[in-house]
Amino acid sequence: MKNRLIQNRRRFLKNSSLATAGVLLAPLGSYSLGPRAGYSGQSALLGGSPIRTSPWPEWPVWNNATDDELVMKTLRSGVWSRAGLVNEFEATWARETGTSRCLSVVNGTNALITALLQMDIGAGDEVIVPVYTFIATVQAVLATGAMPVFVDTDLQTFQIDTSKIEAKISSRTRAIIPVHILGLPADMITINRIARKHNLLVIEDACQAHFAEINHKRVGSFGDAGCFSFQNSKNLAIGEGGAITSNNQSFMDKCYSYHNYGNPYGASVGNVSAGTAIIGNKLRWTEYQAAVGLVQLKRLEEQTARRNSNAAYLRSKIIQIPGIVPYKLYDHVTRAAFHIFAFRYQKETFKGLSRTAFIKAMQAEGIPCSEGYSTLNKMPYLANAFQSKNYRKMYSARELDINKYNERNQCPLNDRLCNEEAVWIFHSVLLAEQKDMDDISNAIEKIYQNAEDLKKLQ
Ligand SMILES: *Cc1c(COP(=O)(O)O)cnc(C)c1O
């Protein structure tokens with residue numbers, strides 16, 4: 001009854017010019033009665049008022065007053081190819097990740113490819129990857145001619161299930177790519193222990209995990225190399241961009257050389273008078289990219305802190321709603337990046353309301369969310385790679401039997417996560433105020449209360 005009154009009042013306010021006065025809306029915030037409020041207005045999909053109509057923070061962030069200057073100065077200088085600002089960004093990123101070297105490259109995908117190639121990974125090698133990741137992790141392995149081997153997902157953490165890694169190691173396994181997916185650190189302590197035991201290289205895919213930490217040490221500094229992305233959606237957004245971090249000097253010299261046509265670099269790759277030394281590519285940054293990166297870097301610390309506190313608050317609220325199981329962090333994680341705020345939705349508890357319908361209802365309440373990744377081990381690119389000229393030269397027909405490959409690479413828990421349970425909220429939502437997080441938990445509560453009626457819409 002009370003909720004009905006609130007609804008009517010909201011509708012009235014919405015339709016009256018007074019609503020724009022803002023102040024009148026403030027007392028309506030009082031329906032956030034603390035944890036487990038049992039909020040139960042009518043679902044927006046069923047004709048009720050949406051929980052939220054005001055916008056969420058935009059992404060990426062740009063402040064003309066503070067951000068234009070360096071970029072404009074760079075444009076007007078005419079020094080646009082790699083020079084001082086790129087060096088400065090790399091030195092800063094190495095320091096921030098706690099590594100001795102950083103190399104910028106055009107994107108995260110090519111950071112991974114470069115790292116794999118300069119570790120001499122290629123034809124005949126197997127590389128272990130989590131199945132719950134962005135497609136680029138796997139494409140990078142295929143770009144080298146190696147075989148990706150998928151490991152199933154730990155549903156609690158959304159990360160690679162370390163208890164299933166050793167069963168996937170063969171005499172051909174050369175490396176493992178742990179991905180700190182969703183910006184939540186993977187269990188690097190266990191992964192590094194397994195890697196040492198089996199003599200495997202470790203390349204961290206930290207493309208979503210800027211400034212995430214394990215035991216107060218930043219990700220990207222745990223493996224033989226770390227790879228980052230600065231694509232527009234990432235927590236440090238440049239539009240496009242990537243980086244490799246490492247403490248291995250000769251490896252980083254090789255990566256530098258590779259990203260610059262294979263020309264000699266540092267103490268390890270060739271000597272200048274002998275000419276081009278190794279197989280190369282061209283993956284360099286522009287100066288104005290570095291300028292945008294340096295500007296964005298200034299706010300990354302504050303944004304990361306805010307995402308962490310809002311995520312912890314929101315988690316503590318939604319964990320109390322039946323059928324909602326938020327991400328779990330490993331014990332040694334001291335900070336996450338929260339590229340995505342994720343939880344699992346268990347429809348049995350919501351009267352069988354499908355995840356698709358749940359997400360639609362959330363969006364109608366003004367809460368942006370999505371289903372996240374599809375099952376990467378079941379897409380056509382794998383069979384296509386195996387049919388390619390290069391793969392047929394590198395592997396025997398038996399090794400390229402896609403049915404056998406699929407059999408070995410089944411990941412049933414990940415199927416459930418992707419096809420039925422995962423719900424994602426994008427990181428920029430976590431940059432709002434703490435009280436805005438109540439809108440999210442209230443929306444879920446409301447859908448929980450309306451599940452029966454919402455199901456009839458299906
Ligand atoms: C974004 C991303 C990449 C690729 O980065 P790009 O800059 O888009 O090439 C690789 N791995 C993961 C986990 C990512 O999220």
Side-chain angles (χ1 to χ4, degrees), residues 59-60 89 93 97 102-117 127-144 146 148 150-151 153-154 157-160 175-186 188 191 202-212 219-220 222-223 225-245 255 259 281-286 289-290 292-293 296 307 327 336-342 370-377 379 381 414 417-418 422 424-428:
W59 190 261
F89 183 93
W93 195 251
T97 52
C102 166
L103 174 74
S104 58
V105 290
V106 289
N107 52 44
T109 309
N110 277 281
L112 288 162
I113 294 171
T114 303
L116 287 162
L117 288 176
V127 177
I128 289 180
V129 294
V131 68
Y132 199 67
T133 185
F134 181 59
I135 184 69
T137 314
V138 189
Q139 292 288 20
V141 175
L142 292 172
T144 70
F150 292 101
V151 173
T153 310
D154 171 358
T157 61
F158 296 76
Q159 306 302 308
I160 188 168
I176 172 162
I177 307 183
V179 183
H180 307 292
I181 204 65
L182 315 183
L184 316 178
M188 288 310 300
I191 291 164
V202 176
I203 299 169
E204 292 175 79
D205 181 339
C207 287
Q208 300 185 358
H210 318 74
F211 282 13
V219 303
F222 285 86
C227 294
F228 291 88
S229 168
F230 308 115
Q231 186 272 340
N232 235 42
S233 69
K234 306 299 161 92
N235 293 22
L236 197 149
I238 303 184
E240 298 291 350
I244 305 165
T245 51
C255 289
H259 108 302
N281 205 329
K282 173 71 181 299
L283 306 170
R284 295 179 341 204
W285 269 19
T286 61
Q289 248 179 310
V292 175
Q296 296 299 345
R307 287 188 194 101
Y327 68 88
F338 293 106
H339 181 61
I340 302 288
F341 180 96
S370 66
E371 298 184 349
Y373 293 132
S374 314
T375 49
L376 279 194
N377 53 335
M379 292 181 184
Y381 68 95
N414 189 69
L417 184 64
C418 292
W424 283 14
I425 297 175
F426 189 59
H427 64 86
S428 56

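These numbers come from a predicted model, not from an experiment. Whatever order the structure lists them in is the order used to number ligands and atoms, beginning at 1.
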Please determine if [X] has a nitrogen or oxygen closer than 3.5 Å to a nitrogen or oxygen of ligand 1.
{"X": "Phe230", "answer": "no"}
{"X": "Gln231", "answer": "no"}
{"X": "Glu240", "answer": "no"}
{"X": "Gln208", "answer": "yes"}
{"X": "Lys234", "answer": "yes"}

Where does Val179 meet ligand 1, judged by heavy-atom distances below 4.0 Å: at the side chain, the backbone, both, or neither?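 The answer is the side chain.
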With backbone taken as N, CA, C and O and side chain as the heavy atoms from C-beta onward, which portion of Asn107 lies under 4.0 Å from ligand 1: side chain, backbone, both, or neither?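 The answer is both.
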Could you tell me, atom by atom, which parts of ligand 1 come under 4.0 Å of a heavy atom of [X]?
{"X": "Phe134", "answer": "1 (C), 2 (C), 3 (C), 12 (C), 13 (C), 14 (C), 15 (O)"}
{"X": "Ala136", "answer": "3 (C), 4 (C), 10 (C)"}
{"X": "Thr137", "answer": "11 (N)"}

Parallel, tilted or perpendicular: which one describes the rings of Tyr373 and Trp424, with boundaries at 30° and 60°?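 Plane angle over 60°, so perpendicular.
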Closest non-hydrogen atom pair between Gly108 and Ser229, with its separation: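 Smallest interatomic distance, heavy atoms only, reads CA-CB, 4.0 Å.
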So, for Lys234 and Trp59, which heavy atoms are closest and what is the spacing to 0.1 Å?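 Minimum heavy-atom contact is O-CZ2, 3.2 Å.
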Say whether, by atom type as modelled, one donor and one acceptor occur between the side chain of Gln289 and the main chain of Glu240 under 3.5 angstrom.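 Yes; judged by distance alone, with no hydrogens or angles, the pair exists.
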With Tyr327 as reference, evaluate Phe338, Phe158, Tyr132 under the ring pair (Phe, Tyr, Trp, His ring centres under 6.0 Å) test and give the passing residue.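 Per the ring pair (Phe, Tyr, Trp, His ring centres under 6.0 Å) rule, the option paired with Tyr327 is Phe338, out of Phe338, Phe158, Tyr132.
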For His339 and ligand 1, answer yes if some heavy atom of the residue is under 4.0 Å from a ligand atom, otherwise no.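 It does not, in that no heavy atom of His339 comes within the 4.0 Å cut-off of ligand 1.
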Qualifying residue, where the test is side-chain hydrogen bond (donor to acceptor under 3.5 Å, both in side chains) with Asn235 and the options are Gln208, His210, His339, Gln296: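 One option only clears the test, and that one is His339.
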